[in-house]
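One structure is given below, encoded as C-alpha cells.
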Amino acid sequence: MTVRFLSDEDITNIVNGRCDDPFAFLGFHKLENKKKTAVIRAFQPYAQSIDLIAKNMPLEVPMERLHQDGLFEIFVPDDTTDYKFLITDFDGKETLIDDVYSFPPTIGEFDNYLLREGNHLELYKKMGAQLTSLNGVEGVSFALWAPDAYRVSVVGDFNRWDGRINVMRKHPTSGIWDIFIPKLEEGTLYKFEIISRDGRLQPLKSDPYGFYQELRPLTASIVYDKNKYKWGINKKWETDKKSINSNSAPISIYEVHLGSWKRKDGNQYLTYRELAHDLIPYAKWMGFTHIELMPIMEYPFDGSWGYQTTGMFAPTSRFGTPDDFKYFVEQAHNAGLGVILDWVAAHFPKDCHGLACFDGCCLYEYADDRKGEHKDWGTKIYDYGRNEVVNFLIASATYWLDEFKVDGLRFDAVASMLYLDYSRNAGEWIPNIYGGRENLEAIAFLQKVNKVMYNKFPYTASFAEESTGWGNVSKPIEMGGLGFGYKWNMGWMHDVLDYMSKEPIYRKYHHYQMTHCIMYAFTENFVLSISHDEVVHCKSSLLNKMPGDKWQKFANLRAFYGYMWTFPGRKLIFQGDEFAQYNEWNENQSLDWHLTNDPYNKAIQKLIRRLNELYKTEHALYDNNSHPSCFEWINYNDAENSVFSFIRHADKKDDYLVIISNMTPIIRENYRLGVPYDAEFTELLNTDDFEYMGSGVKNEGVVKAEPIRWDDKDFSISITVPPLSTIILKPKKK
C-alpha cells in the first residue's frame, strides 16, 4: 500500500543520500487522494525503531519501517501537529527529537532576491550557522550558497557525519540551500557534504560564512553565538574615531603579526585577551594611534601569514574565540587606539575544505585559469563579475566593521586585482571587452565595497596596498576614483629605503630619491608605509639596511625616522622596527624583546615615542596632510652635502616647523638656510641628541633669524647640522 506514494526510485535515492529534494518526501505531507489523511516519513539509518508522539494521539504510535536502511513511515490525521520522534537505537538508547523536515525555510524570497542582485549587505545575519528559534524550538539554521550542487547536507557529530540524514532544501532562484536543525547548541562542529551536478561527492567543505573554526590542522566549522558579547559604551571613542577620515588628523599605525609579536614560554601564542593586556598598553605607550593586524581571518597555513584566507567571517582560533577578539578591539578603543584589519579579497587558497571548486565547479573563482588563478601564489582569484561573489566579499567587509567594530580595512594586493595581466606573460591573460588590461569587474567591485563601507560606516576607513601608478586610488568614485580612504605610498618606500641603504659618500648621486616623491605626494591620501614585506625574505631588517658600523647604522635609522615622521603622509611601521630589531622578521618566533635593554635599541624606541608625541601635538605635522599647502621646500637641491630642508605648515600662518636632515656623517657648521619670517627658533627634536645615543651636536639656546636673503626667502638662519641626523626647529611665539 505504501509503494503507491513512494516509488522504488524515491526510496533508493533517500537511503543512498541521492535525493535532491528530501522536503518533498520526508516530514509531514497531506495526501491528495485520501481526505483527512496525511503521511509522516523519517529517515534515521541508526534507528532500530521510531515511535511517533503527537498531541492529537494519546499514545506513542510505532512507525512502519519501509526500508532496512532506516526509512520509516506512518499515516496520521491531516490535522496532526506538534509531533516528535522517539528514536530507539540498536543499543536500546532512546532519544526524543523534533522532525527536521517539519520546519519552514529560514531563507525568504527577499533574501534570495538580494543575494542574486548582490545587495544583501547583512548576509552574515542569514547565512552560515545561526543560533535561532523556529516555531518555538531552539536550534540552528544553516544556509549555504551552492547553486550547481545536486545535493547539500549538513554533517557533524550530531548525525555521525552521515550526509544522508540532514539533506538541505534548495531555493532554485538563488541557489541557496537551508535547513533548521533543532536542539543543536553553540560549540557544535559541522561541515557541508556536497554532491555536484554530475553526481560526484566533493570533499567536505567548511562553512564559507562560518563564524568560528577548529584550530588548524582541523577544519570543521563551529556553531558560535555572535550576538552574546556585551559591548560597553565608550563615548570618548565614539567621538575620537571620527578623526580617521580627517585630512587634518595624525594617523600613526603599528603593524602587527599577532603570532610573532610576543610569545609565551614554550613558544606558545598569546591569546587575544592576553594581547589585549600586553600589546595594547604597549602600542598606547609608544604613542601610536592605530594598530593594524595582519590577517586574522581564519587561514590554514601559518606560513601564509594569514594572506591565504579560508574563513572570511571567522577570527582565527589560533588566539581564541570571536568574543575574545571582540574583547581585544574593545580594550583598544578603551585605550584610545583604533584597530585596522588586513583584509584579503584578491585571492584565496586551493585547500580542499575551502572555496575552490566549491560545489563541484568554479563558483567563487573565474572558470578560466587565465583570469581565475595566480600562478605565482598558487591561489584562485575571486570572480568579481558574479553578483553573489561580490555580495559575499562585501558582506565580509561589513561584518568586521559591524560585528567587531573595527575601524578600518587594509585591502591586500590591490594591484593584482586591477590588472588582468598581473604577473602574466603574453597569451596568459584575457583582455577586457575593450581590449585593455584593466579588470573592469574588479574595479567595479572595489568601488562598490568602498561606497558601501563609507555609506554604512562613515567613521571607518579603507586602505589600499597598491604598488603601481594607478591613478585616483583614494579619490571619490564620482571623480573616477576607486573610493579608498588611503593608499600606501609604495614608491616613496622603495625610493627612500634604496637611498638609505647606500653609503653616505654615494648618496649625493641619488639625491632625487628623497625629493622627487613630493611631486606626487598630494595626488593621493598617502600612508608612508614600512611594512612587514620590507623586513623579510632576505631583505634584511630595517636597521641592517643601513650602512656603516653600529653607531652609523643607528644614526642612519634615527635620521630616517626623523625624515619619515616629518614628511607629508600618515605613518606606518612594522613590529620590531620601533626598537631596531637586528634580525629579519620570523613568523615562527617572538620579536627579540631583550634588545630593548640595549642602550642603542632603547634609544630608537624612545625616539619613536617622541616622534609620535610630536606628530600628535604639532599641528604643522598633520594639518592638511594631503594638500600642498602643508609643505614647502627650503632647499631640495643640496645634493653635494646630502642635506634636505623643508617647512611643514599648519593651518595657522605662524604655526610651522623647519626640518633639516643631514644624510652624511659630516657635521655641517654655519649651515645657512632660509626661513619664512623674522623669528627665533629652538630645537624641538634632534635625533643626534645624547638621549638617543647620538654624538650630542646641538644648537643650544635660541637661533635668531637674520635679514639675509637665502633660499628665495627674506630671512635666514645659520645653524650647526649634526651628522646623520634630522632636526626640527620651532619658531618661538612672540
Side-chain angles (χ1 to χ4, degrees), residues 21-30 36-44 47 50-63 72-89 93-112 122-144 152-159 165-171 176-190 207 209-212 221-230:
D21 186 15
F23 283 86
F25 303 103
L26 302 179
F28 176 89
H29 296 276
K30 292 183 179 180
K36 298 184 179 181
T37 303
V39 64
I40 297 174
R41 300 190 186 96
F43 177 64
Q44 293 290 335
I50 302 179
D51 292 330
L52 184 74
I53 300 175
K55 281 189 175 181
N56 62 342
M57 296 180 181
L59 300 173
E60 302 168 5
V61 182
M63 298 180 70
F72 295 82
E73 178 182 75
I74 188 171
F75 292 94
V76 296
D78 64 2
D79 61 351
T80 300
T81 58
D82 296 327
Y83 67 89
K84 297 180 185 293
F85 297 140
L86 180 62
I87 297 176
T88 303
D89 65 20
K93 180 182 176 182
E94 293 184 342
T95 306
L96 187 66
I97 67 168
D98 292 278
D99 181 7
V100 166
Y101 294 100
S102 69
F103 292 93
T106 59
I107 297 295
E109 281 306 307
F110 192 56
D111 296 313
N112 288 305
E122 295 185 338
L123 195 62
Y124 49 88
K125 295 183 178 180
K126 288 289 186 176
M127 304 295 283
Q130 305 282 344
L131 284 160
T132 188
S133 175
L134 198 58
N135 294 347
V137 178
E138 300 291 328
V140 177
S141 66
F142 296 91
L144 182 75
V152 179
S153 301
V154 185
V155 294
D157 292 333
F158 52 89
N159 60 17
I165 297 175
N166 294 132
V167 180
M168 303 173 76
R169 172 196 293 109
K170 185 175 184 178
H171 298 258
I176 295 178
W177 299 72
D178 83 315
I179 194 170
F180 175 79
I181 303 181
K183 301 295 176 63
L184 293 189
E185 298 177 340
E186 185 176 34
T188 300
L189 300 179
Y190 71 99
D207 187 352
Y209 306 89
F211 306 127
Y212 190 33
S221 298
I222 304 174
V223 174
Y224 199 86
D225 183 0
K226 67 180 187 301
N227 300 314
K228 67 180 179 179
Y229 188 84
K230 303 303 179 185

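Every value quoted in this text rests on a predicted model; they were computed, and no experiment measured them.
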Quick one: which of N166, V223, T188 gives a side chain to side chain contact (heavy atoms under 4.5 Å, CB included) with I181? N166
Out of V76, D99, V39, which residue meets the side chain to side chain contact (heavy atoms under 4.5 Å, CB included) rule with F28? V76
Distance check, rounded to the nearest 0.5 Å: [X] atom [atom1] versus [Y] atom [atom2]?
X	Y	atom1	atom2	answer
I176	M168	CD1	CE	10.0 Å
D82	I53	CG	CD1	12.5 Å
D178	R169	CG	CZ	5.0 Å
S102	N135	OG	CG	7.0 Å
D51	I87	CG	CD1	10.0 Å
Y212	E186	OH	CD	9.5 Å

Are any of the side-chain heavy atoms of L86 and E94 separated by less than 4.5 Å? yes
In the structure I gave you, are the side-chain heavy atoms of K126 and S141 within less than 4.5 Å of one another anywhere? no
Walk me through whether F158 and I165 qualify under side chain to side chain contact (heavy atoms under 4.5 Å, CB included). CA-CA 10 Å; F158 52 89; I165 297 175; over 6 Å; no
Give the intermediate values and the outcome of side chain to side chain contact (heavy atoms under 4.5 Å, CB included) for residues I107 and N112. CA-CA 7 Å; I107 297 295; N112 288 305; 3.7 Å; yes
Can you give me the closest heavy-atom contact between [X] and [Y], atom names plus distance?
X	Y	answer
I40	M63	O-CE, 3.4 Å
Y209	L123	CE2-CD2, 3.6 Å
T106	D111	O-OD2, 4.5 Å
P62	E60	CD-O, 3.9 Å
N159	V154	ND2-O, 2.8 Å
A47	I50	CB-CG1, 4.0 Å

What do the steps show when you test L184 against Y190 for side chain to side chain contact (heavy atoms under 4.5 Å, CB included), and what is the final call? CA-CA 11 Å; L184 293 189; Y190 71 99; over 6 Å; no
Suppose we screen for side-chain hydrogen bond (donor to acceptor under 3.5 Å, both in side chains). Which residues come up paired with D98, at least two apart in sequence or across chains? K84
Do the side chain of S221 and the main chain of D207 share a donor and acceptor less than 3.5 angstrom apart? yes
Does Q130 use its side chain to pair, donor to acceptor, with the backbone of Y124 at less than 3.5 Å? yes
ring-ring contact (aromatic ring centres under 6.0 Å, His included) for F211 and Y224? Distances and angles first, verdict last. CA-CA 6 Å; F211 306 127; Y224 199 86; 8.4 Å; no
Candidates F25, F43, Y83, F23 - the one meeting ring-ring contact (aromatic ring centres under 6.0 Å, His included) with Y101: F23
Could you tell me whether K228 atom NZ has more than 12 heavy atoms of other residues or ligands within 6.0 Å of it? yes
